[in-house]
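First the structure, in the form of structure tokens, and then the observations on it.
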There are 2 protein chains.
Amino acid sequence: MRRADTIASEIEEAILTGEFADGDRLDEHRLADRFGVSRTPVREALLKLAQSGLVEHAPRRGVFVRHPGPVELIEMFEVMAEIEALCGRLAARRISDAALDELRAANARCRAALGRGDADAYYAENEGFHRIVYRESGNGFLASEAGRLHRRLQPFRRLQLRARGRMAQSMAEHEAVVDALAAGDAERAAAALRGHVAVQGEKFHDLMAGLRRAAL
Amino acid sequence: MRRADTIASEIEEAILTGEFADGDRLDEHRLADRFGVSRTPVREALLKLAQSGLVEHAPRRGVFVRHPGPVELIEMFEVMAEIEALCGRLAARRISDAALDELRAANARCRAALGRGDADAYYAENEGFHRIVYRESGNGFLASEAGRLHRRLQPFRRLQLRARGRMAQSMAEHEAVVDALAAGDAERAAAALRGHVAVQGEKFHDLMAGLRRAAL
DNA sequence: GCTGAACTTCTTGTATACAAAATGATTGAC
DNA sequence: GTCAATCATTTTGTATACAAGAAGTTCAGC
């Protein structure tokens, strides 16, 4: 793999884990030293991150970490919910029996992780579940766009899932999704996924509380 | 503006106008000579285009022009239709009277361009119309994503609109959109925009015919 | 004491030089 | 004559050097 790509991943990781705070300027020299490379691959990495929206590139000024605020987060979740709903609607018509089994297996692993209280494993399996739905939409472009957004929102989903009882509720929603897909009911699958992802009611407050705690 | 950005725009232009055909390798040296700069800004431009999906970057091999095939085009239009439908659904509730007037004015300019047979002006005004709808969704993230996709599909919309009578039909659909938005009818606005953008029935054949002609 | 302008310094943007890898050609063996 | 292996060439990826612009500082003037 190109150094520039691995560097991009590592910077992304550092931003998402909070090592770089909102508004921080990412100095090319410092990053080059940190990774033991020259500025060239660092620049490529930063430009790539700028395109993904994780940082902002101000010409001749530098690149700055740009954490989404509450408004932008709500906006992104609103879009994500509709994208997932679309995946569900299409998948309900196109999904294969084998994929349905994959979903059930992913759900079983989710439930096991939940039982063990293993949050990390839960998040990983949860992501796997959603990626299967994306793929089974039968629309490769849609699947890749959905994956991109999912990845971008992943850390914020985690914030939201920290609230008491949310993980169990999330599990139940997954099963409703599988039921609707198995029944081939496009509108029910769409509604189940939209409701699962949308940030509304209690979930809104959970997310805001998570944001405030993360800001500390 | 940075040289790298202007170069990216120019390469993009060259790809969309067909100067670079599908599968062509974009040589950094040649491009650097062509634009009278070094390889550095050319590389930045190519990496940027790779992220937007216009070219494919094969590590250690080079970047290759990657025109979407029929399947990928249909997939992208399917997603675009749903994104526009979502914009319409939200805009129906949130649009301002001033924006409605903007839409009517854009439509009037579209009609004027159609009357003059000025296809370029028509495309420009058509894009303006859609961008207003995106903006009035009240969701800034959605608007920017919609704009990105619109821009990516723009040249193929043109192919499709070449078919006899399609431009007049497109105009009529715009007016149905405005009517639904003015009435605050979210579902009708969504359906009108979905139908306007979706590639189905006759439009599918128009697009394929345009693709074949463009391939020559 | 404060404001403003020039200067210094620091950082980004671009050019060039070098290293490594992939492709293609050439030569030798079968 | 064909196939394979090695070598040369070409091209990407990275490092370094240089140029230009922006921000902060200092000094002069009011």
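It should be emphasised that the depicted structure is a prediction, and the values quoted were computed from it without experimental measurement. Chain identifiers are assigned alphabetically (A, B, ...) following the order of the sequence lines, protein sequences preceding nucleic acid strands; residue numbering begins at 1 within each chain.
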task: Ignoring backbone atoms, establish whether A/S38 has a side-chain N or O less than 4.0 Å from OP1 or OP2 of D/dA15.
output: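 Affirmative; the distance criterion is met.
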
task: May I ask you to evaluate whether B/H57 reaches the phosphate of D/dG13, defined as a side-chain N or O under 4.0 Å from OP1 or OP2?
output: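 Yes, because at least one side-chain N or O of B/H57 sits under 4.0 Å from OP1 or OP2 of D/dG13.
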
Which part of the nucleic acid does [X] contact within heavy-atom distance under 4.0 Å: base, sugar-phosphate only, or nothing?
| X | result |
| --- | --- |
| A/R43 | base |
| B/R25 | sugar-phosphate |
| A/R2 | sugar-phosphate |

query: If you find the nucleotide of DNA chain D closest to A/A4 and the one closest to A/R39, which residue's nucleotide is nearer the 5' end?
result: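 Looking at the nearest nucleotide for each, A/A4 comes out on the 5' side.
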
- prompt: Going by atom types only, do A/H150 and A/R157 share a side-chain donor-acceptor pair under 3.5 Å?
  reply: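 Yes.
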
message: Is it the case that the side chains of A/Y134 and A/E145 hold a donor-acceptor pair, with the cut-off being a distance below 3.5 Å and no angle test?
response: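 No pair is found: no donor N or O on one side chain lies under 3.5 Å from an acceptor on the other.
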
Between [N] ([atom2]) and [X] ([atom1]): distance, integer Å:
| X | N | atom1 | atom2 | answer |
| --- | --- | --- | --- | --- |
| B/R60 | C/dA22 | CZ | C1' | 9 Å |
| B/D24 | D/dT11 | CG | P | 15 Å |
| B/D5 | C/dT12 | CG | P | 16 Å |
| B/D33 | C/dA15 | CG | C1' | 13 Å |
| B/L47 | C/dT14 | CG | P | 14 Å |
| A/R61 | C/dC10 | CZ | P | 18 Å |
| A/E44 | C/dG13 | CD | C1' | 14 Å |
| B/E28 | C/dA21 | CD | C1' | 14 Å |

field: Mutual orientation of the aromatic rings belonging to A/H174 and A/H196 [parallel < 30°, tilted 30-60°, perpendicular > 60°]
entry: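 The rings of A/H174 and A/H196 stand perpendicular, inter-plane angle above 60°.
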
- prompt: Would you say A/R43 and B/R43 make side-chain contact, with heavy atoms under 4.5 Å?
  reply: no

- request: Grab the two heavy atoms, one from B/M80 and one from B/A146, that are nearest each other, plus how far apart they are.
  value: CE-O, 3.7 Å

message: Closest approach to the side chain of A/D27, judged atom by atom: which nucleotide of D/dG13, C/dT14, C/dT11 is it?
response: C/dT11

field: Closest to side chain of B/R3, choosing from C/dT14, D/dG13, C/dG13
entry: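 Nearest listed nucleotide: C/dT14.
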
query: Between A/T40 and A/V63, who's closer to the 5' end of DNA chain C by nearest nucleotide?
result: A/V63

